[in-house]
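So that the names make sense, note that chain A is the first sequence line, chain B the second, and so on, each numbered from 1.
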Protein chains: 2
Amino acid sequence: MDKIKTENTETEILIAAKEIFQQKGMAGARMQEIADKAKINKALLHYYYRSKQLLFEAVFKSAFSLLAPQLNKVLNDDSDLFEKIRKFTENYVSFVIKHPYLPNFVIQELNKNPEFVQKLRSEKNFPSIEKFKLQVSDAINQGIIKPIEAEQLFINIISLNIFPFIGEPLLMALVNVDKESYNKILENRKTEVAEFIINSIKI
Amino acid sequence: MDKIKTENTETEILIAAKEIFQQKGMAGARMQEIADKAKINKALLHYYYRSKQLLFEAVFKSAFSLLAPQLNKVLNDDSDLFEKIRKFTENYVSFVIKHPYLPNFVIQELNKNPEFVQKLRSEKNFPSIEKFKLQVSDAINQGIIKPIEAEQLFINIISLNIFPFIGEPLLMALVNVDKESYNKILENRKTEVAEFIINSIKI
DNA sequence: ACATTTGTTAACCAAATGGTTAAACTATAT
DNA sequence: ATATAGTTTAACCATTTGGTTAACAAATGT
């Protein structure tokens with residue numbers, strides 16, 4: 001069948017483009033390099049994706065659609081607040097190991113192109129904080145946690161989990177450890193971070 | 001005097017280069033754009049800084065030399081642990097308002113060029129964690145804080161303070177607020193973050 | 001006054017880069 | 001078998017980009 005071949009190349013391109021874009025960013029990526037990695041002619045890139053910009057947008061959306069469900073684990077999961085924090089923290093490390101450049105890529109390109117957010121917001125599955133807000137105020141009313149704004153708590157959870165990966169080269173240097181030791185630190189964070197957060201808010 | 005004119009242009013270039021590099025990164029920056037911003041001929045850039053790479057390195061080192069003292073406020077300040085956390089958190093927001101693109105720039109380029117760390121490490125004033133480690137284990141021994149690895153605590157402090165700026169576009173979208181409201185959230189973090197951390201570790 | 005060094009510019013260059021074209025190849029349908 | 005539609009490539013093109021050159025201007029020393 002024709003379809004198979006087409007879908008293969010199209011996917012090969014996307015896979016190659018992901019790698020290059022996520023490592024080098026929009027500005028640093030080269031169409032030729034993507035073509036080489038996908039083992040095809042450069043013209044084929046344009047055949048399937050018209051322009052660098054469109055190829056980039058395909059990669060970006062695909063990347064975000066992987067990240068979004070992760071964030072939804074904090075925002076829209078049904079489980080109990082503490083359990084949710086524990087699960088997210090543990091899952092997130094595994095997620096980043098699978099996609100090491102992804103979170104940094106999304107955040108970086110969003111910084112260079114803040115209007116990109118609009119394009120994401122309109123898509124379905126864009127995480128919403130509303131449910132989490134209710135959950136936090138419920139927990140406060142029930143005397144389970146100390147008063148805290150849901151937004152602040154959310155930012156804290158995300159920061160503690162994402163930054164150690166984004167800031168890895170800097171943190172490795174500051175903490176003065178090699179990659180192996182740093183990985184152990186990250187591994188420990190799977191449980192440490194959740195307890196750190198819960199310790200802070202529980203009554 | 002000649003010196004004055006020279007130093008002016010050289011500084012003008014550095015200022016212009018900072019702005020462009022910090023906003024667009026090494027790959028996205030254009031020598032012509034830097035020249036335009038500095039209101040000089042492109043050839044002058046090369047007269048003073050030979051190549052894009054060298055100009056970039058000058059900007060990068062200069063940026064890091066601004067960031068380093070901030071980090072040293074956590075690591076090598078003499079004050080009491082809790083006080084130190086409070087002061088750093090409060091100061092850091094003001095610092096980033098002055099240099100909005102700086103932390104992101106440093107972290108980003110470090111990610112794309114991890115071997116760059118070596119160049120920084122050798123320079124004087126490179127922050128060291130040793131003193132902080134002692135301070136944390138002292139506080140633990142004195143029963144002031146719960147047991148925690150200094151490295152983990154340090155990563156937590158840095159993450160909670162830096163990430164809200166680096167992830168601003170993403171967090172703004174997730175928390176679903178406009179720039180004005182987000183700034184209020186950041187303003188509140190000046191005190192919120194320190195209390196969040198201290199709450200978590202104090203006995 | 002004038003030679004010399006330093007600063008600055010316009011014009012230029014070669015390489016890189018995103019993108020196009022026209023032709024060739026492959027598979028599918030009739 | 002052959003026309004047709006989709007896929008892939010080599011060669012090409014225009015523009016951008018980092019960098020250079022040679023000449024000019026301004027300051028400095030003697």
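Residues that satisfy the ring-ring contact (aromatic ring centres under 6.0 Å, His included) test with Phe64(B), not counting sequence neighbours, are Phe126(B). By the salt bridge (charged side-chain N to carboxylate O under 4.0 Å, His left out) test, Glu57(A) pairs with Lys119(A), sequence neighbours left out. Qualifying ring-ring contact (aromatic ring centres under 6.0 Å, His included) partners for Phe21(B), counting only residues two or more places apart in sequence or in other chains: Phe56(B). Applying the ring-ring contact (aromatic ring centres under 6.0 Å, His included) test to Phe196(A) and every residue at least two apart in sequence or in another chain returns nothing.
Taken from CD1 in Ile198(B) to CD in Glu83(B), the straight-line distance is 8.0 Å, to the nearest 0.5 Å.
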Show your reasoning for whether side chain to side chain contact (heavy atoms under 4.5 Å, CB included) applies to Glu10(B) and Tyr49(B). CA-CA 9 Å; Glu10(B) 210 170 328; Tyr49(B) 294 91; 3.6 Å; yes
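At a non-hydrogen distance threshold of 4.0 Å, nothing from residues 49-63 of chain B comes into contact with DNA chain C. For DNA chain D, the neighbouring residues in residues 29-42 of chain B, judged by any heavy atom under 4.0 Å, are Ala29(B), Arg30(B), Met31(B), Lys42(B).
Residue Glu12(A) contributes atom CD, which lies 15 Å from atom C1' of dT8(D) at whole-angstrom precision. Distance, Leu44(A) CG to dT20(C) P: 14 Å, rounded to whole Å. If you take NE2 of His46(B) and P of dA11(C), they are 19 Å apart, rounded to a whole angstrom. Protein atom OH of Tyr47(B) is 15 Å distant from nucleotide atom P of dA26(D), rounded to whole Å.
At the phosphate of dG7(C), neither OP1 nor OP2 sits under 4.0 Å from any side-chain N or O atom of Thr9(B). Contact annotation: Tyr48(A) reaches the phosphate of dT8(D) (side-chain N/O to OP1 or OP2, under 4.0 Å).
You'll find the side chain of Val117(A) stays beyond 4.5 Å of the side chain of Met172(B), heavy atoms only.
Close placement of the Tyr92(B) and Phe88(B) rings is indicated, their centers lying within 6.0 Å of each other.
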